[in-house]
4 protein chains.
Amino acid sequence: MAARAGTAGKLKSTPAAPREGAKPVGADKRVAIMEAALDLFRANGYRHTAMEDIAQAANVAKGTLYLYFKSKDELFEALARLLAARVQEDLDAVAKRDLPLQAKVLAILDAKLGFFYRWILSSPHAAELLAPKANLPGDIFDPVDGSFRAMLSKALKEGVRAGEIDPKAAGLTLDAALETLLAAAYGAEHGGGSEAQFRERLARIVTLTLRGLRP
Amino acid sequence: MAARAGTAGKLKSTPAAPREGAKPVGADKRVAIMEAALDLFRANGYRHTAMEDIAQAANVAKGTLYLYFKSKDELFEALARLLAARVQEDLDAVAKRDLPLQAKVLAILDAKLGFFYRWILSSPHAAELLAPKANLPGDIFDPVDGSFRAMLSKALKEGVRAGEIDPKAAGLTLDAALETLLAAAYGAEHGGGSEAQFRERLARIVTLTLRGLRP
Amino acid sequence: MAARAGTAGKLKSTPAAPREGAKPVGADKRVAIMEAALDLFRANGYRHTAMEDIAQAANVAKGTLYLYFKSKDELFEALARLLAARVQEDLDAVAKRDLPLQAKVLAILDAKLGFFYRWILSSPHAAELLAPKANLPGDIFDPVDGSFRAMLSKALKEGVRAGEIDPKAAGLTLDAALETLLAAAYGAEHGGGSEAQFRERLARIVTLTLRGLRP
Amino acid sequence: MAARAGTAGKLKSTPAAPREGAKPVGADKRVAIMEAALDLFRANGYRHTAMEDIAQAANVAKGTLYLYFKSKDELFEALARLLAARVQEDLDAVAKRDLPLQAKVLAILDAKLGFFYRWILSSPHAAELLAPKANLPGDIFDPVDGSFRAMLSKALKEGVRAGEIDPKAAGLTLDAALETLLAAAYGAEHGGGSEAQFRERLARIVTLTLRGLRP
DNA sequence: TATGAATGAGTATTCATTCAT
DNA sequence: GATGAATGAATACTCATTCAT
């Protein structure tokens with residue numbers, strides 16, 4: 001259901017390299033740095049990852065990092081931007097597929113939460129990695145959040161129209177139902193475990209919640 | 001339903017202070033330090049709160065902190081231990097009350113999650129505060145988690161016996177239903193807002209999930 | 001003629017230490033740091049003097065420097081402030097003495113220029129030391145400059161009144177004569193050499209210039 | 001009186017470029033670099049001017065700078081050498097002119113000091129620009145200083161011979177008078193202001209000093 | 001010649017912790 | 001117990017210089 005579970009371990013597929021076409025070397029290095037950074041951030045947390053460490057892991061000199069990223073914060077931001085882009089891609093892919101209500105909702109939620117889970121939340125330093133996120137410019141995640149919510153809303157509306165669910169039966173407006181579903185789904189992040197366990201958890205939450213919304 | 005909303009601002013009610021009886025000054029100082037620390041951690045986050053700041057807020061010298069707590073981490077751990085104790089108290093209080101299924105489940109969840117929300121999660125630095133938590137010794141929250149789960153399990157079992165819910169109808173074992181309910185409830189933490197909004201969110205999640213478990 | 005040529009090598013005589021009376025240790029350390037800093041600044045220039053070097057020379061840890069001075073710049077500023085205070089002291093001393101015109105003018109100029117020469121200008125890095133000076137808050141040197149000029153002006157006026165000099169004979173107003181004398185005196189800084197040579201140069205400039213102002 | 005005020009803005013008039021005749025491009029580039037460097041040094045100071053900045057201003061790549069100058073210091077030295085050459089030219093021009101004592105002395109001093117004032121001293125970063133100068137090999141300014149002193153000495157001697165001045169009357173040997181005049185003249189640099197103000201100051205110093213040397 | 005990507009030594013500053021008083 | 005002066009390890013960032021192309 002996750003569009004690109006198979007490529008989850010690599011960043012290269014998104015060629016966000018500078019001066020595209022001229023020197024693939026630069027692109028490779030930029031990617032290498034980002035990969036090293038993501039690995040180390042996940043392994044050691046943000047503050048405990050020294051630029052020096054990232055440089056070594058990426059096999060470049062410390063100063064080279066600053067050729068590609070103005071600062072440690074900007075490196076982190078670039079990472080966030082990449083992840084956001086990937087989530088958006090997955091959401092777009094889901095939008096094109098014709099799925100029954102529950103599968104659609106699950107796919108949407110998995111596109112967003114699953115991706116984060118894979119990259120960030122499964123790290124023991126997830127919390128620290130999300131802390132700087134709070135300071136990131138809103139334009140990184142806001143658009144993704146927007147389409148995410150829009151898709152979810154659309155799916156629920158279709159479910160109502162098809163008579164599959166009826167928020168009023170549970171005393172909720174459609175918006176309230178959306179927010180509740182969303183919040184509950186976020187809870188799937190908790191509990192740790194493998195990605196499969198996460199997805200199982202998410203699926204069950206969706207199942208129960210949609211059942212709770214039945215007419 | 002919130003057992004002790006009125007005392008939420010004080011830590012003193014838990015007389016876990018050492019050397020009790022000899023020098024109340026010491027106990028007071030320990031408490032003063034913890035209160036100052038909790039305030040500052042919530043306000044500024046863990047790393048951005050310097051020991052110097054805590055000392056000043058508690059009106060003691062920096063060195064004094066180390067008379068009561070071996071390190072900054074240990075101070076944080078003591079805080080966590082205190083919060084855990086408070087959650088346990090609330091859970092015990094809920095256990096004694098006779099409530100219908102949904103109210104009981106909600107009370108149990110609120111005792112645990114609500115407390116954290118009040119103290120930690122409502123802080124803009126929640127993420128950072130939970131990061132060190134990951135490193136805390138398991139014996140702090142494990143017992144609380146244990147009785148928490150036990151109570152929830154018991155409530156659900158009674159619900160099954162009373163015919164109010166039937167996990168099998170949703171294709172789940174009782175344990176799976178418990179985990180799912182729990183995970184979904186955790187999701188209430190997300191979304192920010194006031195404590196009232198948090199509780200509203202939690203209530204809705206419980207409502208939907210229990211509805212989803214109906215026979 | 002130089003009020004305190006004998007104490008030129010020590011800063012201690014100005015007890016600008018903090019928390020005076022409580023712990024002379026702190027005062028000593030502050031002075032030790034300033035002495036070390038002045039020595040190193042003179043020897044190696046501002047930028048090439050690392051805080052680490054100053055700390056070692058003062059026999060304290062690097063962090064200790066920051067207990068007494070907020071930053072390298074502030075340390076430099078404190079030094080400047082001290083020097084300015086010392087010049088002011090010397091000027092005040094000269095003001096109390098009753099001297100013939102030429103001696104008076106020379107004493108005034110020596111109080112200001114001589115002091116700088118001793119401390120700063122005789123360093124091979126004089127220029128670099130004066131560069132940051134440009135960024136210092138005006139309130140450090142402005143008052144000193146003010147009384148310096150005022151004293152010089154007063155001395156010249158008395159000379160005019162006594163018929164010893166007559167700026168008009170050289171086609172100058174008294175103010176123009178003052179500025180010219182002052183500028184010429186500054187020239188004594190150039191040429192290097194010992195302090196004695198500097199003073200000899202200054203004396204000759206004063207002699208010639210005052211002769212040039214004779215009626 | 002300023003020999004070449006009109007050409008003050010350009011360095012090209014001194015064809016000291018290497019590889020002359022083969023590739024004027026090279027010469028042009030060398031000149032372009034020096035012009036860019038002088039501009040930036042004056043505007044931002046020595047240390048705050050990055051080689052990268054110079055390269056950009058000169059429209060060449062950073063590495064190209066090192067084809068023409070071994071190091072940043074050597075670039076600065078080349079600049080100094082050029083300025084020294086220009087002063088020498090001006091001095092030579094003055095030597096050929098037949099002028100009365102005071103005008104001659106002023107012209108000589110202006111040739112040297114005025115030139116520096118125009119290029120260096122009038123910069124807010126003068127102090128910093130003169131700091132590296134201290135480390136410059138003596139052969140750059142020593143010859144200029146030599147002929148400068150020689151010319152001044154010759155002028156004074158003629159003044160003595162003509163009965164216009166008499167150092168002995170002021171208790172000085174001719175050499176001492178020379179040194180004193182020279183030092184006083186240097187003082188004209190201080191006080192900032194426009195070039196006109198500088199020249200006014202210099203003229204007054206010369207006037208007063210020569211008056212002081214009258215029989 | 002010319003380029004510009006890559007290098008890495010150099011440095012100010014913070015803050016948890018210690019310990020003499 | 002209480003203090004707070006002293007410590008020093010840890011770390012992001014700059015920029016002159018090199019060198020493969």
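Labels below follow one simple rule: chain letters A, B, ... track the order of the sequence lines, proteins then strands, and each chain is numbered from 1. Reckoned from all heavy atoms, side chains included, excluding hydrogens, waters and symmetry mates.
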* Structure fact -> Of the candidates E/dT14, F/dA2, F/dC13, the side chain of C/Tyr66 sits closest to E/dT14
* Hey, which sits more toward the 5' end of DNA chain F by its nearest nucleotide, D/Lys70 or C/Ala61? => C/Ala61
* What closest approach, in Å, do C/His48 and C/Asp53 show between heavy atoms, and which atom pair accounts for it? -> O-OD2, 4.1 Å
* To do: Let me know the distance between CD of A/Gln56 and P of E/dA6, rounded to the nearest Å.
  => 17 Å
* Whole angstrom is fine here: how far is it from CD1 in A/Ile54 over to P in F/dC13? => 11 Å
* Structure fact -> In short, B/Ile33 meets B/Ala58 closest at the heavy-atom pair CA-CB, 3.9 Å
* Go ahead and name the base partner of F/dC19; Watson-Crick or wobble counts if both distances stay under 3.5 Å, otherwise write none. => E/dG4
* Separation of A/Arg30 atom CZ from E/dA6 atom C1', in whole Å? -> 17 Å
* Structure fact -> Picking from F/dT17, F/dA12, F/dG1, the nucleotide nearest the side-chain atoms of A/Lys62 would be F/dA12
* Classify the side chain of C/Lys72 versus the base of E/dT11 as yes if they form a donor-acceptor pair under 3.5 Å and no if they do not. => no
* In whole angstrom, give the distance that lies between atom CG of B/Asp53 and atom P of E/dT14. => 13 Å
* Asked: So, is B/Thr64 close to the F/dT3 phosphate, meaning a side-chain N or O under 4.0 Å from OP1 or OP2?
  -> yes
* **Rounded distance [0.5 Å steps], CD in A/Glu52 versus NZ in A/Lys62** => 5.0 Å
* To do: Select one nucleotide: of F/dT7, E/dT13, F/dA12, the one nearest the side-chain heavy atoms of C/Ser71.
  => E/dT13
* Structure fact -> Of B/Leu65 and A/Thr49, the one whose nearest nucleotide on DNA chain F sits closer to the 5' end is B/Leu65
* Structure fact -> From CE of C/Met51 across to C1' of E/dG10 the rounded distance in Å is 15 Å
* **Complementary nucleotide for F/dA12 - Watson-Crick or wobble, under 3.5 Å** => E/dT11
* Phosphate OP1/OP2 of F/dA5 contacted by C/Tyr68 side-chain N/O (<4.0 Å) -> no
* For B/Arg47 and F/dA10, what is the distance between atoms CZ and P respectively, to the nearest whole Å? -> 18 Å
* Asked: When the nearest nucleotide of DNA chain E is assigned to C/Glu52 and to D/Gly63 on a heavy-atom basis, which residue is associated with the more 5' position?
  -> D/Gly63
* Asked: Can B/Arg30 and B/Phe69 be said to form a side-chain contact (heavy atoms from CB on, under 4.5 Å), step by step?
  -> CA-CA 9 Å; B/Arg30 187 185 163 91; B/Phe69 306 95; 3.7 Å; yes
* Asked: Could you give the distance from CD1 (A/Ile54) to CG (A/Leu40), rounded to the nearest 0.5 Å?
  -> 6.0 Å
* Closest heavy-atom contact between D/Lys72 and D/Tyr46? -> NZ-O, 3.0 Å
* Below 3.5 Å, does any donor atom in the side chain of B/Lys29 face an acceptor in the base of F/dG1, or the other way round? -> no
* Structure fact -> B/Leu75 CG to E/dC15 C1', in whole Å, measures 15 Å
* Tell me which of A/Asn59 and D/Val60 sits closer to the 5' end of DNA chain E, going by the nucleotide each one is nearest to. => D/Val60
* Just compare E/dA12, F/dT11, F/dA6 and give me whichever is closest to any side-chain atom of C/Leu67. => F/dA6
* Asked: What's the CG-P distance between A/Asn44 and F/dT11, to the nearest Å?
  -> 11 Å
